[in-house]
Colleague: 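Questions regarding the structure given below will be posed in turn.
What's counted below: heavy atoms across the whole structure, side chains too, no hydrogens, waters or symmetry copies. Every chain is numbered from 1 and lettered A, B, ... according to where its sequence line falls, protein lines coming before strand lines.
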Protein chains: 2
Amino acid sequence: MALEGASRHDRRAADTAPKPLAAPDALRVWLRFVRLNRRLHGAMTAELKAARLSISQFDLLSTLSEAEGLSQQDLADRLYVTKGNVSGLVDRLVASGLVERRPLAGDRRSHALCLTALGRETVGRGLAIQRTYVSRTLGALAPADIAALDRVLGAWRDRLRQDGSGSGRKSKGG
Amino acid sequence: MALEGASRHDRRAADTAPKPLAAPDALRVWLRFVRLNRRLHGAMTAELKAARLSISQFDLLSTLSEAEGLSQQDLADRLYVTKGNVSGLVDRLVASGLVERRPLAGDRRSHALCLTALGRETVGRGLAIQRTYVSRTLGALAPADIAALDRVLGAWRDRLRQDGSGSGRKSKGG
DNA sequence: TTGCGATAGTTTGCATCTAAACGATCATCC
DNA sequence: GGATGATCGTTTAGATGCAAACTATCGCAA
């Protein structure tokens, strides 16, 4: 296994003499990122239990609360999941009385998804939990750190967009 | 968490919105983090297809490759998943000929999990894919950015540890 | 009008994950 | 030695995810 991946800045570093000071190994940072995400996912799952919501359900409901009347396909696009997944998710949310499927005039294939009163109340609790948790954890870091994180995550995302190969869902005509 | 495109609805709000503040809203950075992770997960899933591995399988195998002979419970602890999950995961890896369950002298309840020759070869390919992908994306950022990310992620993780409530798996002498 | 491709949603089969119940084994205390 | 509780792995039920096949409907063109 010879470091085939380490090319990019090694080349630069080879040109200019000085060794990158305490060169942070990208792979190590990657692993730290992945582990942190696992922690956050677990923590958020636990937090949202107080509202009897799973993360998936909360994601769907909070998206709906910002744009009521979306179709399942719209929702699938926004949530980066398949429409088959949304189908079952909505089924369960309808069964729980949090969401309604309303017939859509002009297209009998799709429905307009709307929150019920209970759904609105529930997602409100979820959003409060999210706000509280994020403030308590990420929000407790130094503002400069939060700003730095924001900036680097943006740069990383831009790099992924360039790379292209990722997140390739069925977008048509982008 | 999702809150993807602030589509047509929010255009009004955007007009009246003041200015990007010096201190970025933690919630916004949180959402950026979550979305970026989704992208990375999808991209890595696609990359690992070349080695015919799922992310879960790769995680398990790469952990085993660093500490061969672990029990399923050990693995569950390291991977932050339940032992029931590991049970099925190992079943399928054994069926694929990548992992072996060896009887453990002194404890007939557990097995020592070992990579087969094929397993070692496969995880090697997976690791190469991972290295390459990480170098190409995260590794392409400025070293200072990677270092900043590393530092802030560490601070965030420390904050989570203080917070305690998260990632609450059965810790026993971890 | 008729036909055909595109789109929305459902369904199926499978992988992954949790929580919880269960069986086997181990460790310990009496 | 024997009861008892802890630990390991398995199993079950159910939620979540994908891919792909399928149904119904829509849009468009001939």
Colleague: I'd like to know if A:Arg102 and A:Glu68 make a salt bridge, using a cut-off of under 4.0 Å between side-chain N and carboxylate O.
Modeller: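 Salt bridge absent between A:Arg102 and A:Glu68.
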Colleague: Under 4.0 Å: is that the gap between some side-chain N or O of A:Arg101 and OP1 or OP2 of C:dT10?
Modeller: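 For A:Arg101, the contact criterion (side-chain N or O under 4.0 Å from OP1 or OP2 of C:dT10) is met.
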Colleague: Assuming nearest nucleotide by heavy-atom distance, tell me which of A:Gln73 and B:Val86 is located more 5' along DNA chain C.
Modeller: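 With A:Gln73 and B:Val86 compared, the 5'-side residue is A:Gln73.
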Colleague: Can you measure B:Leu79 atom CG to D:dG9 atom P for me and round it to whole angstrom units?
Modeller: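 Roughly 13 Å, once rounded to whole Å.
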Colleague: Applying side chain to side chain donor-acceptor pair (under 3.5 Å), name anything that partners B:Thr63, two or more places apart in sequence or on another chain.
Modeller: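 With sequence neighbours excluded, B:Thr63 shows a side chain to side chain donor-acceptor pair (under 3.5 Å) to no residue whatsoever.
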Colleague: For A:Asp150, enumerate each residue passing the side chain to side chain donor-acceptor pair (under 3.5 Å) test, keeping only those at least two apart in sequence or located in another chain.
Modeller: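 If we apply the side chain to side chain donor-acceptor pair (under 3.5 Å) test to A:Asp150, skipping adjacent residues, the hits are B:Arg28, B:Arg32.
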Colleague: Just how far, in rounded Å, is P of C:dA24 from CD of B:Gln72?
Modeller: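 Taking CD of B:Gln72 and P of C:dA24, I get 17 Å after rounding.
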Colleague: List in numerical order all residues of residues 52-68 of chain B for which some heavy atom is under 4.0 Å away from an atom belonging to DNA chain D.
Modeller: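 Under 4.0 Å from DNA chain D: no residue of residues 52-68 of chain B.
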Colleague: Given atom CG of B:Leu104 and atom P of C:dT25, what is their separation to the nearest angstrom?
Modeller: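 Computing the B:Leu104:CG to C:dT25:P distance gives 15 Å.
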Colleague: Using a cut-off of strictly less than 4.0 Å, decide whether A:Ser71 has a side-chain nitrogen or oxygen near OP1 or OP2 of C:dA8.
Modeller: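 So the side chain of A:Ser71 is outside the cut-off, no N or O lying under 4.0 Å from OP1 or OP2 of C:dA8.
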Colleague: Considering residues at least two apart in sequence or located in another chain, which fulfil the salt bridge (Lys or Arg N to Asp or Glu O under 4.0 Å) criterion with A:Arg109?
Modeller: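 Partners of A:Arg109 under the salt bridge (Lys or Arg N to Asp or Glu O under 4.0 Å) test: A:Asp107.
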Colleague: Can you sort out the partners of A:Arg101 under salt bridge (Lys or Arg N to Asp or Glu O under 4.0 Å), two or more places apart, ordered by chain and number?
Modeller: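 Checked A:Arg101 against salt bridge (Lys or Arg N to Asp or Glu O under 4.0 Å); matches are A:Asp91.
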Colleague: Could you run down the sub-3.5 Å N/O contacts of the protein with nucleotides 11-14 of chain D?
Modeller:
none

Colleague: A:Val123 pairs by side-chain contact (heavy atoms from CB on, under 4.5 Å) with which of A:Leu98, A:Leu53, A:Leu60, A:Leu61?
Modeller: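 Between A:Val123 and the candidates, side-chain contact (heavy atoms from CB on, under 4.5 Å) is satisfied uniquely by A:Leu61.
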Colleague: Taking only residues two or more places apart in sequence or in another chain, which ones pass salt bridge (Lys or Arg N to Asp or Glu O under 4.0 Å) with A:Arg151?
Modeller: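 So A:Arg151 forms a salt bridge (Lys or Arg N to Asp or Glu O under 4.0 Å) with B:Asp145.
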Colleague: Can you measure A:Leu89 atom CG to C:dT11 atom C1' for me and round it to whole angstrom units?
Modeller: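 Rounded to the whole Å, the gap is 16 Å.
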Colleague: Can you measure B:Leu48 atom CG to C:dA15 atom P for me and round it to whole angstrom units?
Modeller: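 Atom-to-atom, B:Leu48 to C:dA15, this comes out as 17 Å.
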Colleague: Kindly state each residue pair satisfying ring pair (Phe, Tyr, Trp, His ring centres under 6.0 Å) with at least one member in residues 137-158 of chain B, sequence neighbours excluded.
Modeller: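 Every ring pair (Phe, Tyr, Trp, His ring centres under 6.0 Å) pair that includes a residue of residues 137-158 of chain B, provided the two are not neighbours, is B:Phe33-B:Trp156.
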Colleague: Please determine if a side-chain N or O atom of B:Lys49 lies less than 4.0 Å away from the OP1 or OP2 oxygen of D:dC18.
Modeller: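 Checking D:dC18 against B:Lys49, no side-chain N or O comes under 4.0 Å of OP1 or OP2.
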Colleague: Polar pairs (N or O, both sides) under 3.5 Å between protein and nucleotides 27-29 of chain C?
Modeller:
none

Colleague: Does anything in residues 89-109 of chain A form a ring pair (Phe, Tyr, Trp, His ring centres under 6.0 Å)? List the pairs, not counting sequence neighbours.
Modeller: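 Found none.
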Colleague: Please list, chain by chain and in numerical order, all residues satisfying side chain to side chain donor-acceptor pair (under 3.5 Å) with A:Ser71, sequence neighbours excluded.
Modeller: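 With neighbours one apart ignored, the set is A:Asp74.
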Colleague: If you check the A:Val81 side chain, which of D:dG9, C:dG9, D:dG17 turns out closest?
Modeller: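 Nearest to the side chain of A:Val81 among the choices is D:dG17.
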Colleague: Using atom NE2 of A:His111 as one end and atom P of C:dT7 as the other, report the distance to the nearest whole Å.
Modeller: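 Nearest whole value for this atom pair: 19 Å.
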Colleague: In whole angstroms, how far is the P atom of C:dT16 from the NE2 atom of A:His41?
Modeller: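 Value for this atom pair: 16 Å.
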Colleague: Are A:Arg108 and D:dC26 close enough that a side-chain N or O sits under 4.0 Å from OP1 or OP2?
Modeller: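 It does, given that an N or O in the side chain of A:Arg108 lies less than 4.0 Å from OP1 or OP2 of D:dC26.
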Colleague: Determine the minimum heavy-atom distance between A:Thr122 and A:Ala51, stating which atoms define it.
Modeller: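 It is CG2-O, 3.9 Å.
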Colleague: Side-chain N or O of A:Thr82 versus OP1/OP2 of D:dC18: is the shortest distance under 4.0 Å?
Modeller: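 So the side-chain polar atoms of A:Thr82 do come within 4.0 Å of the phosphate oxygens OP1 or OP2 of D:dC18, strictly under.
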Colleague: Of all residues at least two apart in sequence or in a different chain, which pass the salt bridge (Lys or Arg N to Asp or Glu O under 4.0 Å) check with A:Arg108?
Modeller: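 Result, salt bridge (Lys or Arg N to Asp or Glu O under 4.0 Å) vs A:Arg108: none returned.
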